[in-house]
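A note on names: the letters A, B, ... follow the listed sequences, proteins ahead of strands, and every chain is numbered from 1. Only a predicted model underlies this, so the values are computations on that prediction, with no experimental measurement involved.
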Amino acid sequence: MAVISAPASAAVAPRRRGPVMEFIYKQPLGAVSLVVILIMMFAGIFSELVAPYDPLTIDFASILAAPSWDHWMGTDAYGRDIFSRIIHGSRTALVIGFAASFIGSTLGAMLGVASAFFGGKIDDWIQRFVDVLLAFPIIVLALVVVAALRKTVVAGVDVNLVFAISIPILPRVARVVRAAALSVRVMPYVDAARAAGYSNSRIIFRHMAPNVVAPYLIMFTAFIAQAILLEASLSFLGLGVTEPTAAWGLMLSGNAADFYREAPWMILFPGIAISLAVFAFNLFGDSLRDYLDPRFRV
Amino acid sequence: MDARTDQKTHAETAPVLLSVEDLHVQFETTRGIVRAVEGISYTVRRGETVAIVGESGCGKSVSSLAIMRLLPRKTARITRGRIMLDGRNLLDLSDEQMREVRGRDVSMIFQEPMTSLNPVLPIGLQIMEPLFIHLKMTPEQAKARAMELLELVGITDSARRLDQYPHQFSGGMRQRVMIAIGLACNPKLIIADEPTTALDVTIQAQILELMKNLSRELGIALVIITHNLGIVARYADRVNVMYAGNIIEQGSADDIFLSPAHPYAIGLMRSVPRLDEPRGTRLETIEGLPPDLLNPPSGCRFSPRCPHRIEICSQPIELRPAGEGHLSRCHRVDEVVAGKLTKPQVVVARLAQQELDHTNPIMAVENLKKFFNVTLARKNWISQEKAVVRAVNDVSFSIAKGETLGLVGESGCGKTTVGRVVLRLDDATEGKIKFEGLDITHSSSGAMREKRRRIQVIFQDPYSSLNPRMTCGEIIAEPLAVYKIVAEKKAREERVAELLQQVGLFPYMAERYPHELSGGQRQRVGIARALALEPTFIVCDEPVSALDVSIQGQIINLLEDLQQRLGLSFLFIAHDLAVVRHISNRVAVMYLGRIMELADRDELYANPAHPYTQALLDAAPIPDPKVERGRAPRALKGEIPSPLKPPSGCVFHTRCPFAIEVCKEEVPETRQFGPRHLVACHRAEEVVAHAATARN
């Protein structure tokens, strides 16, 4: 039988770069945000080595010192070095942010895909449950959960705080992933998989899940930002991380509020750290989505 | 005929309205500069209908958007050329002046009537809008004019219709509204970009007939952009054939269809199956794909695919005369015109009817019904208004081993649902499906597993039928692994390569993702995936309708080859009568969930006994102006009724020219009309007799 010749241009393999170089080339903004995230991670992991001072050491000789060569970002009301506290605070922020967002998004995504695939009554019940969770503002829901549970520290992390932050994330991811999964479910390639007689689990994991990874990933990274913000808010309200641990939200509360006129650096730098982290994770999420979608690759 | 010749002489002497001169359009993309249109020139006289024909990506839409100056500002650039309308160069006008031209002097009708009307505004307002803006009419004047326009485009009850919203109109009706909007300010020129592509055949005929009559009566010039050669033959005075950003042939409809002077035009004409030619010839195809306009071949752009390519074809080429008023962009135009370069058509032997064993069918469907429950509206908190859609209502057919049964009908007739139920993607409401002698109507997924392998499917849309996250190799290898047909990984790769070659692709394409392939190539991957399971029966659901004409032919030939070599049986679902005729042994015609007529192919096309079959055949355009001129415009009246409220009795009686009282009351039984010819019509005998007298 006839073999139809393909155009000559199709035979030339496109120029291949490494995946990292490809990402930097295609998503310059994403690469910048990745650098910010990497710096944060580096600071979080090697806090002890990077920070010029111990974050907990009180130094009454330099209370409320303005930024200088000795203290790049000044000191707080106890004379603690703010730069060092921000570096240590990034560990708190990243651990809680990653953990809470991962738990919330993953459970939410599983719920969303199941809801879309099975449909009918199961879908109805899952969605009503999601409605109930969505009825509460994020911060209120987290407040209720964190107030109801006692502090349980495992490996230096307050597990209940992570849990409390992941709860409001779950329904939001479930909704978005369900919508994406619904549109995937009616695609002819899912029909083709059913016509080939594949099992439900194969269809869900091989054919549906990879096609909802994009919304999952962007939600996951965006909610890392949300979780960091939430952790900061809860700490600010005195319900999250407690003194003397270095945490960004905590640094904004307490006597920072009393001294912000005399020592604006006390709130300025933790504020910048939070904004920068949130911004970087959001931006990275967007770029990652575009990069991972094969349809965006030319 | 007389009206047409008058029209023709008029068109030839009428002054030139629009002339496009040496137009170049480029797009700046991240991958480089795409030369979408390179140096096209054509003229349109007053009252004339000019067609621009070509496949997707050839630049036909871009060139007309350039006339309207509607190209995206940031990326598109008109680098050279003039567009003269009534002595003014549209490219020199200010934005303000251009806005006055749009809608008043030139209006445009788009392909998709579903999305080109604003869903939140009543259609009356949308028709009146240009009247307020361009003609500064008062509301009363505008309303009177809007009613007049609706009547003009054949929408009755215009006063009430003006206040209705687009969703209350069917697709055909919406396209009429679009035409009314286009006509509102008495434009000199209407550009219609694929005006009927989204419509059914019988509706397409109505709309084209309407447009042609309006342009004749009102003296409006019409530019029709289309890929459909059939409608060009019937409705165009002059034709421009485009390929890869160039006009490659230009002339009257007769020139182009009766003595084409460019190998591409010849190939295009031959690759379309035709209703008026004896079947049995293999479709001639244009091999390969159109060039990438990022870096088109130097010289003749068609040369890489041209069967008559010689050395000189790599030299640049301009349009050359091929006859009076007939131009062709071919180095060997003289030889083509002299008929020295045509190839004889290949005749292939096929399984003759007699060889098919109808007593022991591979697939038998008996009294199949598929109803869907839908919720129309929520009456109050508790109760809802519900309705039943009878998508498939009492359908029976059987398919012999090695046979192709064509299933034709317009959208919404239930043909796709039949396919889905046969595939067990949806469960039947009633009836039986027997495959290889075994009842599979309700068999569980476990029992179904072995059988399932043998029943495969090829979908319409090659873009969404392949998982975008898997490479083509993974897609084809998956069934091999799941069913352990080829257990070992290395052997599986070899089998994938073999399957790719079988469908005319290269083994290296296994590494490609679907989006890296063209539409035709993807459809081949879809076919390879179906073949991987070694099926005996394949449901082809509109497998070629999303493809370009020259690619359609390639896929049809491939399916035929595979059928011969592997002894496959097909249920071939399509709306294109010519394609179905080409590929099928027997054909079933569906309308609103029921089979109207089922017969051997030649019998059905030569001797249609159901008025609906006749209407479909009449409405289907034939790419030959001579044949078309001899056919009376017999467009079927009216629209397809809603399947929510199907008509009583015979579902076709509301549109049937033969309907009598009994048709409204009794559902006609499916009865034997001739040998192996079934029909569901009370008056089949009269219908056939009437057709016979009409022919004489």
Identify which part of A/R202 has an atom lying under 4.5 Å from any heavy atom of chain B, answering side chain, backbone, both or neither.
side chain

Short question: side chain of B/R452, backbone of A/A195 - any donor-acceptor pair under 3.5 Å?
yes

For A/A196, does its backbone N or O pair with a side-chain atom of B/Y483 as donor and acceptor, under 3.5 Å?
yes

Output the distance between atom CZ (B/R424) and atom CZ (A/R194), rounded to the nearest 0.5 Å.
10.0 Å

What's the shortest heavy-atom distance between B/F459 and A/P188, and which atoms?
CE1-O, 3.4 Å

State, to 0.1 Å, how close A/Y189 and B/S464 come at their nearest heavy-atom pair, and which atoms those are.
CD2-O, 3.0 Å

In this structure, are over 12 heavy atoms from other groups packed under 6.0 Å from B/F372 atom CZ?
yes

For A/F98, is the CZ atom crowded, meaning more than 12 foreign heavy atoms sit under 6.0 Å from it?
yes

Given a strict heavy-atom distance threshold of 4.5 Å, which part of [X] is in contact with chain A: side chain, backbone, both, or neither?
X      : result
B/L425 : both
B/I455 : backbone
B/P304 : neither
B/N467 : both
B/R305 : neither

Steps toward side chain to side chain contact (heavy atoms under 4.5 Å, CB included) verdict (A/H207, B/M470)
CA-CA 9 Å; A/H207 293 273; B/M470 294 165 79; 3.8 Å; yes

Among B/I475, B/V482, B/V539, residue most engaged with chain A (heavy-atom pairs, under 4.5 Å):
B/V482

I want to check something: taking the side chain as every heavy atom from C-beta on, are A/Y198 and B/E478 in contact at a cut-off of under 4.5 Å?
yes

